[in-house]
Structures are given as structure tokens and as C-alpha cells.
*Asks:* 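Okay, here's the structure, questions in a sec.
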Amino acid sequence: MSDQSDLTTLRQSYLDRISTAADGDALEQVRLAALGKKGEISGMMKELGRMTPEERQTTGAALNRLKDEIDAALRARKQGLEDAALDARLKQEWLDVTLPGRPRPQGTIHPISQVTEEVTAIFADMGFRVAEGPQIESDWFNFDALNIPPEHPARQEHDTFFMARSADDPRPPHVLRTHTSPVQIRAMQATGAPIRVICPGRVYRMDMDQTHTPMFHQVEGLALGKDISMANLKWTLEEFCRAFFEVDEVELRFRASHFPFTEPSAEVDIRCSWEGGKLTIGQGESWLEILGSGMVHPKVLAAGGIDPEEWQGFAFGMGIDRIAMLKYGIPDLRAFFESDLRWLRHYGFAAGDVPSVSGGLSR
């Protein structure tokens, strides 16, 4: 076994080799030569078993100190080489943080989504909550519960999408809902009266032209109470139109009409003017139909589990697509569903344009 002077010479030799190692590969060669399985210091450690206890105690301690010192020198040199390499890279590579970022294409909120949020915000301010229901409805919810008899034109196949049934299928027919009125029945059955809800959503009818598409969007409202009247309906619709079209004054005209689910029923027109092809709401000599409304029919109340002798109320319905066209000057309903990016960029809304009654609906 080597004496203390030999270990001192060996220590200095490896420290010199470590300090002059030019890169990580050279440093690894030094480590293997000293501390690897076949390294010089590792070989000395194996010889300790042949020594007397006294020699082993003295020499073993010296070898452990040497091994720890060499290992610490290796790690320090490795960190120094890595730091030097990083410094050299930073001097060669640089980033100008003042340069503008790479532009990313920004999407827009679809006008239907935006107008739905606008309508929801207005009616929420009046105390209405949102109710939802399935788009595939049973014949009973879509027609019977709404006092629409079998002979009604809406129940014919030329106007309604009926789900396919085999000849021996005993189940009642199902349809793609033709309006969101079935949601009113479900809401009445679920919560009873009093109730104030709006029911926005997709509906389906077999029609296609500049002002009609097979799928479109409606929002219907329902309010039931002990003494709700047509006067409450008129005030609600006036406040809605004033807030939605963002005008100070509106004038509505109620024309007697007929809907199976309301009695009495009324079509609602709003005063407007057309000048230079531009629609102005709230002034002028023209009238524009915007929605249908009326007092809920007693049979509809009964279908919803509401006692018509104790409760009464109003309902209304309007096309979300239609009022979006009126407010934002969109000429063709079919464009809503064509996924034309140019159209969406022109009529779409920024993601931050969240409508609110207090902060403004459109910005």
C-alpha cells in the first residue's frame, strides 16, 4: 500500500488533470481513471481488506478523504464547464424582447351567441331565469301539451321533422322541436308557479329562403302569477325592446292574432323608419313585426301541472336570428350558418364584449 506521500502526489496529479480538463468528455476520462470501477483510487480501496486493523483505520480514512476531495473537484469543474458553455452561447445567441410578437389569428363571437347573451342579460335583469330542454321532443310536449290539435298544419310532415319509426314500433312519435315552447311545459312541471323563465335554443322547421332556414334560434318567455295581465306583458316587451335596441323610446303595437297556446293572442309590431335602406327603431311612420305573444291558454297551464283557476300569466316568443338581423343590419338569414370567415370577421364580436345591462349591450 502506498504511504502518505504517495497519496499526496496522487491527489495533486488528479487535481491538476481535473483543473485542466477542457470539456465534459475529458473530465469524464479523469473520473473513470480515478473513481471508476477499474480506477486507481477504487483499486486502492479494494486492498484495504488485506491490511491489519490498525493499517486499515489509518489508510482507509486517508483514501476516503482523497476520494471525497477528487469527487468534489470533479463536480465543481463540471459546473464550471457548463457555466462557461452557457456564457459562450448567450454571447452568440440573443433575443430582442422589444420586437412585436408573432400575430395569431383571432376568432370572433358569432352574432347569434352574442345576441343570445344580450337577451339573457336583459331578461335576467327583470328576474327571468334561463330554462333548457331537449331538441328531440315527444309529440306530446311539442304539440298536445301546447293545445295544438292533430289537424293543425304544424303537425304535418311538410312543416315538421319527424324521427323515423319502423312500422311495428309502438312508441309515440318524436320530432325535432319546432319551437322552444316545450321547455315552458317542462319548466312548469318542474317548478310550478309562480315562475319567470326564458327558453332560448335551436328549433327546426322545413323551410329555406332568405328569411328562413331549416334550423334557427328562438327565445320564448313565460311569467305566471296570481294577477299577471296583458299590461305586464306590454311593459316587459317595451322594456326589452328599449334595452335591446338601445333606444330611449319605443312604441309597440299589439294586433289581435291566434296561437293555440295563448288566449288572447297578439302579434307585436314596433314603430320604425326606413331611410336610405337603414332601419331606425323607435321613430318613423312604419311598423315592423318582431314577435308573437299572449296570455297562456288554460289548457297549457293544466298540461304543465298548473291550476288555471288559481294562476295566470303571459308568454311570448321571438326569433333570435331575426332580431339579430334587425339590430346589426344583417340582410340574409342563411349567412348565419355558412361559416364564412369573412362574414364572421365583419359581423362577429370580440371575446371581451360581454353584454350587460349596466355596462352596455353592444360596444
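None of these values were measured; they are calculated from a predicted model.
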*Asks:* Working to the nearest 0.5 angstrom, can you tell me the gap between Arg205 CZ and Gln218 CD?
*Replies:* 5.5 Å

*Asks:* Start with the C-alpha distance between Lys299 and Glu263, add both sets of side-chain angles, then the distance that settles salt bridge (Lys or Arg N to Asp or Glu O under 4.0 Å), and finish with yes or no.
*Replies:* CA-CA 10 Å; Lys299 291 184 178 180; Glu263 181 59 41; over 6 Å; no

*Asks:* Is it true that atom CD1 of Ile136 has more than 12 heavy atoms of other residues, nucleotides or ligands lying nearer than 6.0 Å?
*Replies:* no

*Asks:* Please determine if Glu238 and Lys234 form a salt bridge, counting it only when a charged side-chain N lies under 4.0 Å from a carboxylate O.
*Replies:* yes

*Asks:* Are Leu32 and Leu15 connected into the same hydrophobic cluster when the rule is that any two of I, L, V, M, F, W, Y join if their side-chain heavy atoms are below 4.5 Å apart?
*Replies:* no

*Asks:* Show the numbers, then the answer: is there a salt bridge (Lys or Arg N to Asp or Glu O under 4.0 Å) between Lys278 and Glu275?
*Replies:* CA-CA 5 Å; Lys278 180 181 179 180; Glu275 296 182 4; over 6 Å; no

*Asks:* Can you tell whether the side chains of Glu137 and Arg186 come within less than 4.0 Å, N to carboxylate O?
*Replies:* yes

*Asks:* According to the interplanar angle, ranging from 0 to 90°, do the rings of Phe128 and Phe316 count as parallel (below 30°), tilted (30 to 60°) or perpendicular (above 60°)?
*Replies:* perpendicular

*Asks:* Counting N and O atoms only, with roles assigned by atom type, does the side chain of Asn147 sit under 3.5 Å from a partner on the main chain of Pro260, one being a donor and the other an acceptor?
*Replies:* yes

*Asks:* To which residues is Phe216 joined in a hydrophobic cluster, defined by side-chain heavy-atom contacts under 4.5 Å among Ile, Leu, Val, Met, Phe, Trp and Tyr, whether direct or through other members?
*Replies:* Val203

*Asks:* Nearest heavy-atom pair of Cys199 and Thr180: which atoms, and what distance?
*Replies:* O-OG1, 3.0 Å

*Asks:* Taking Leu35's backbone N and O only, do any of them form a donor-acceptor pair with Ser42's side chain (distance below 3.5 Å, no angle check)?
*Replies:* yes

*Asks:* Give a yes or no answer on whether the side chain of Ser265 reaches the backbone of Gly294 with a donor-acceptor pair at less than 3.5 Å.
*Replies:* no

*Asks:* Considering residues at least two apart in sequence or located in another chain, which fulfil the salt bridge (charged side-chain N to carboxylate O under 4.0 Å, His left out) criterion with Arg342?
*Replies:* Asp340

*Asks:* Donor-acceptor pair, Ser257 side chain versus Glu267 backbone, under 3.5 Å?
*Replies:* no

*Asks:* Take Leu146 and Asn142, measure what side chain to side chain contact (heavy atoms under 4.5 Å, CB included) needs, and give me the verdict at the end.
*Replies:* CA-CA 7 Å; Leu146 295 165; Asn142 198 75; 5.8 Å; no

*Asks:* Using 0.5 Å steps for rounding, measure from the OG1 atom of Thr280 to the CZ atom of Arg271.
*Replies:* 13.5 Å

*Asks:* Is there any side chain to side chain donor-acceptor pair (under 3.5 Å) pair reaching into residues 310-320, and which pairs are they, with sequence neighbours excluded?
*Replies:* Lys226-Glu310

*Asks:* Can we say Arg75 and Asp71 salt-bridge, meaning some charged N sits less than 4.0 Å from an Asp/Glu carboxylate O?
*Replies:* yes

*Asks:* Atom CD of Glu239 and atom OG1 of Thr236: how far apart are they, to the nearest 0.5 Å?
*Replies:* 8.5 Å

*Asks:* Judged by atom type as modelled, is there a donor-acceptor pair below 3.5 Å linking the side chain of Arg77 to the main-chain atoms of Ala21?
*Replies:* yes

*Asks:* At what distance, to the nearest 0.5 angstrom, does CG of Leu291 lie from CD1 of Ile323?
*Replies:* 8.5 Å

*Asks:* Surrounding CD of Glu82 (heavy atoms of other residues, nucleotides or ligands, distance under 6.0 Å), is the total greater than 12?
*Replies:* yes

*Asks:* Considering residues at least two apart in sequence or located in another chain, which fulfil the ring pair (Phe, Tyr, Trp, His ring centres under 6.0 Å) criterion with Trp287?
*Replies:* none

*Asks:* Using the six-membered ring wherever Trp is involved, compare the ring planes of Phe240 and Phe244 and label them parallel, tilted or perpendicular (cut-offs 30° and 60°).
*Replies:* parallel

*Asks:* Go through Asp25 and Gln29 one step at a time and tell me if the side chain to side chain donor-acceptor pair (under 3.5 Å) criterion holds.
*Replies:* CA-CA 6 Å; Asp25 290 339; Gln29 292 300 319; over 6 Å; no

*Asks:* Give a yes-or-no answer on whether the side chains of His174 and Arg165 include a donor-acceptor pair shorter than 3.5 Å.
*Replies:* yes

*Asks:* Side chain of Thr20, backbone of Arg17: donor and acceptor closer than 3.5 Å?
*Replies:* yes

*Asks:* Determine whether Phe261 and Ile185 make a side-chain contact, defined as any pair of heavy atoms from C-beta on separated by less than 4.5 Å.
*Replies:* no

*Asks:* Among all residues two or more places apart in sequence or in another chain, which pass the side-chain hydrogen bond (donor to acceptor under 3.5 Å, both in side chains) test with Arg129?
*Replies:* none

*Asks:* Return the CE to CH2 distance between Met126 and Trp235, rounded to the nearest 0.5 Å.
*Replies:* 5.5 Å

*Asks:* Would you kindly say whether Glu40 and Tyr14 are connected by a side-chain donor-acceptor distance under 3.5 Å?
*Replies:* yes

*Asks:* Are Ile320 and Val183 connected in the hydrophobic side-chain network, where two residues link if heavy atoms are under 4.5 Å apart?
*Replies:* no

*Asks:* Answer yes or no: is there a donor N or O on one side and an acceptor on the other, between the side chain of Thr178 and the main chain of Thr160, under 3.5 Å?
*Replies:* no

*Asks:* Salt bridge (charged side-chain N to carboxylate O under 4.0 Å, His left out) with Arg196: which residues, sequence neighbours excluded?
*Replies:* none

*Asks:* I want to check something: taking the side chain as every heavy atom from C-beta on, are Trp274 and Leu279 in contact at a cut-off of under 4.5 Å?
*Replies:* yes

*Asks:* Please work out which of the three classes, parallel, tilted or perpendicular, describes the rings of Trp343 and Phe336, given edges at 30° and 60°.
*Replies:* perpendicular

*Asks:* Looking at Asp248, is its backbone amide N or carbonyl O close enough to the side chain of Arg242 to form a donor-acceptor pair, meaning the two atoms are under 3.5 Å apart?
*Replies:* yes

*Asks:* Strictly distance-based, threshold 3.5 Å: is any side-chain N or O of His217 a donor or acceptor partner for the main-chain N or O of Arg322?
*Replies:* no

*Asks:* Linking I/L/V/M/F/W/Y whenever their side-chain heavy atoms sit closer than 4.5 Å, directly or via other members, would Tyr328 and Leu288 fall into one cluster?
*Replies:* yes

*Asks:* Just checking, any donor-acceptor pair under 3.5 angstrom between side chains of Gln12 and Asp16?
*Replies:* yes

*Asks:* Just by modelled atom types, is the Leu66 backbone N or O under 3.5 Å from a matching donor or acceptor in the Arg11 side chain?
*Replies:* no

*Asks:* Are Leu252 and Met230 connected, step by step, through hydrophobic side chains (Ile, Leu, Val, Met, Phe, Trp, Tyr) whose heavy atoms are closer than 4.5 Å?
*Replies:* yes

*Asks:* Is Glu289 salt-bridged to Arg255, cutoff N-O under 4.0 Å?
*Replies:* yes

*Asks:* Can you check side chain to side chain contact (heavy atoms under 4.5 Å, CB included) on Leu224 and Met188, steps first, answer last?
*Replies:* CA-CA 9 Å; Leu224 299 179; Met188 285 189 281; 3.6 Å; yes

*Asks:* Looking at CE of Met325 and CG of Asp332, how far apart are the two atoms once the value is rounded to the nearest 0.5 Å?
*Replies:* 6.5 Å

